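Accompanying notes for the structure given below.
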Amino acid sequence: MAIEAFLPAAVGHSMRPMRKATTERAGVRLLLMVIALAFLGFFLFLPLVMVFVEAFRNGMSAYWTALAEPDTVAAIRLTLTVAAIAVPLNLIFGVAAAWAIAKFEFKGKAFLITLIDLPFSVSPVIAGLVYVLLFGAGSALGPWLKSHGIEILFAVPGIVLATIFVTFPFVARELIPLMQEQGTGDEEAAISLGASGWQTFWYVTLPNIKWGLLYGVLLCNARAMGEFGAVSVVSGRIRGLTTTMPLQVEILYNEYNAGAAFAVASLLAMLALVTLVLKGILEYRFGDSIAARKH
Amino acid sequence: MDVSIRKVRKEFDRFPALHEISLDIRSGELIALLGPSGSGKTTLLRLIAGLESPTGGAIFFGDEDASRKSVQERNIGFVFQHYALFRHMTVAQNIGFGLKVRPRKTRPPASEIRRRASELLDLVQLSGLQDRYPHQLSGGQRQRVALARALAIEPRVLLLDEPFGALDAQVRRELRRWLREIHDATGHTTIFVTHDQEEALELADRVVVMSQGRIEQVGTSDEVYDRPNSPFVFGFIGDSSSLPVRVENGHLWLQDRMIGLSAPHVPDGPATLYFRPHDVELVDGCGGCIAGTVVATHRVAATRRLELEIGGERHRVEIEVPAERMAAAGTRIAFRPVRWQVFPERRNGETAVHRTEERELALTGT
């Protein structure tokens with residue numbers, strides 16, 4: 001290299017194959033790829049494989065038995081219920097927030113965006129604790145709730161609230177840049193043609209954001225089903241009643257029931273894989289209408 | 001539908017975009033709002049559409065105060081610079097959109113909407129493309145679809161915001177002619193915004209020249225070109241050259257010499273002389289003319305354009321001479337404008353005083 005530097009340009013050129021200025025030489029490229037793949041393999045792929053290996057260690061029948069256990073079935077049902085409530089609510093909140101931020105100018109917009117990001121930056125455990133402080137027996141609301149027979153903590157409503165808190169940003173964060181980029185031109189065209197606000201949203205805005213929305217919902221759902229920290233604090237872990245799948249995994253594992261723990265874990269891992277595949281398809285097929293991919 | 005704009009003001013966050021504008025547009029007229037960017041022309045169009053609301057004043061459609069109505073109720077057709085076609089709908093669905101969203105009582109049946117769409121496609125010369133999606137069309141085709149969509153609702157007023165701004169020159173010229181034909185065939189009152197003077201002058205019945213939130217002049221192409229009523233209009237429309245002069249007893253002076261032009265109605269004092277580069281005659285010997293040194297020559301199509309430096313202050317002006325008239329840099333040339341106007345300098349605080357020399361006077365001005 002040092003010698004080459006002193007050679008006239010033409011000679012140096014003839015001595016090595018032409019390559020683009022922005023491309024590294026083959027050896028460097030290989031090294032970078034090996035480092036990246038080894039890292040991914042060791043930290044991501046291997047653990048994922050281990051989940052399935054452990055889950056099936058005692059054979060298929062043991063796997064099914066573990067999943068058919070009543071507490072586990074209850075946990076699966078609870079997880080699905082929580083996601084079925086939290087995801088649609090966050091879909092509505094997310095669309096409303098993104099709409100407000102992208103289509104209108106108002107004071108405090110930057111603050112609202114920061115607020116939406118809050119769940120990303122706050123530890124989920126703290127999110128859970130906030131609800132304990134808000135609704136717990138020692139709080140101002142606690143006695144009133146108790147006297148009216150409303151249970152929030154250590155019951156399904158608390159788990160739903162904590163899940164909503166943690167998964168709030170996914171839909172909004174996906175839609176805000178997308179809607180900002182699309183601007184208000186299509187909406188103006190629609191209202192100039194006589195469409196009402198609702199018609200404009202339904203026929204024009206929603207179709208424009210549908211793939212981005214689906215993408216956001218997918219990520220939101222994956223997180224809602226997999227959330228541990230916040231739910232763990234507010235659930236009280238009453239077996240068969242307030243344990244979601246991630247909590248059930250931990251309980252089983254702590255009881256040295258590794259086979260059953262991994263069986264449940266494999267379901268969660270499967271969910272992750274399905275999400276990943278769907279996400280991949282969406283990105284491949286509708287990449288240009290999904291903001292997260294472009295920004 | 002007559003459109004009457006009465007003392008309309010618009011401010012954005014205290015920043016005035018339009019200062020008390022009044023304008024009357026007759027039914028069936030084709031009007032161009034022409035001006036540089038920031039002149040308020042698009043704001044005015046959006047106010048007429050109802051996409052913005054005025055800070056003051058009113059806009060009447062016929063006898064009806066439209067400024068109190070919502071966009072939907074105004075029944076206008078709006079064509080956007082970037083088409084704003086609904087990308088997930090076919091061409092036919094785009095055109096039929098305005099009919100589809102009508103309340104049930106006035107909504108035509110689906111078959112009628114389809115029929116209307118294909119009729120309009122014929123009108124905009126895109127028959128057979130009803131099942132295409134916008135991304136499968138060229139820019140010119142998209143804008144035709146956008147116009148068909150706006151026409152579908154039978155608007156009372158058709159508004160176009162720089163409709164050809166995003167298209168290339170060839171398509172632009174073609175669509176311009178075509179828009180004129182459509183306008184003549186349908187008879188809609190049409191207002192379009194443009195910063196392209198050629199487009200405005202060629203297409204419009206009347207041109208509204210705007211600058212800095214004010215209307216400078218309203219008139220036919222001939223009027224704004226031949227009798228501009230302000231230095232801005234003279235400079236903005238067509239090519240122009242200008243020179244600082246002085247008026248004394250109705251005669252124009254360039255520094256210490258009379259240039260042989262008289263303007264008896266213009267008050268004494270500093271003023272600016274405007275003329276078009278091609279409205280000059282070359283003269284031999286200079287007893288009452290403008291003389292300058294050639295600094296550059298350009299051959300422009302059939303004529304030759306000379307850049308001259310005039311006087312000790314070296315003001316630059318351009319004049320046009322026949323192509324066969326050669327003039328090397330450094331030679332002296334004398335000329336006299338045959339059509340010209342002189343505008344007294346704006347006095348501080350006062351609104352501008354414009355005195356336009358009649359053309360006949362200017363022609364016989366020596």
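Chain identifiers are assigned alphabetically (A, B, ...) following the order of the sequence lines, protein sequences preceding nucleic acid strands; residue numbering begins at 1 within each chain. None of the values given here were measured: they were computed from a predicted structure.
- The minimum heavy-atom distance between B/Ala84 and A/Gly185, with the atom names listed, is CB-O, 3.8 Å.
- Looking at B/Arg149, both its backbone and its side chain come within 4.5 Å of chain A, counting heavy atoms on both sides.
- You'll find the side chain of A/Asp186 reaches within 4.5 Å of the side chain of B/Arg87, heavy atoms only.
- Taking 4.5 Å as the limit, some side-chain heavy atom of B/Ile76 sits within range of a side-chain heavy atom of A/Ser192.
- Within a 6.0 Å radius of CZ in A/Phe45, no more than 12 heavy atoms belonging to other residues, nucleotides or ligands are found.
- The number of heavy atoms from other shown groups lying within 6.0 Å of CD (B/Gln212) does not exceed 12.
- Summarising the local packing, CZ of A/Phe39 is surrounded by 12 or fewer heavy atoms from other residues, nucleotides or ligands at distances under 6.0 Å.
- A/Arg77 CZ: 12 or fewer foreign heavy atoms inside a 6.0 Å radius.
- Within a 6.0 Å sphere centred on CZ of B/Arg68, other residues, nucleotides and ligands contribute 12 heavy atoms or fewer.
- Side-chain contact check for A/Glu188 versus B/Phe80: some heavy-atom pair is nearer than 4.5 Å.
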Report task. Would you sort out whether A/Ile191 and B/Leu51 count as a side chain to side chain contact (heavy atoms under 4.5 Å, CB included), showing the intermediate values? Result -> CA-CA 9 Å; A/Ile191 60 169; B/Leu51 293 170; 3.9 Å; yes
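- Heavy atoms only, all atoms of each residue included: A/Asn208 and B/His88 are closest at OD1-ND1, 3.8 Å.
- By the 6.0 Å contact criterion, CG on B/Asp168 is enclosed, its count of non-hydrogen atoms from other residues, nucleotides or ligands being greater than 12.
- Proximity to chain A is absent for every atom of B/Leu159, based on heavy atoms less than 4.5 angstrom apart.
- Residue contact with chain A, scored on non-hydrogen atoms closer than 4.5 Å, involves the backbone of B/Ala150 exclusively.
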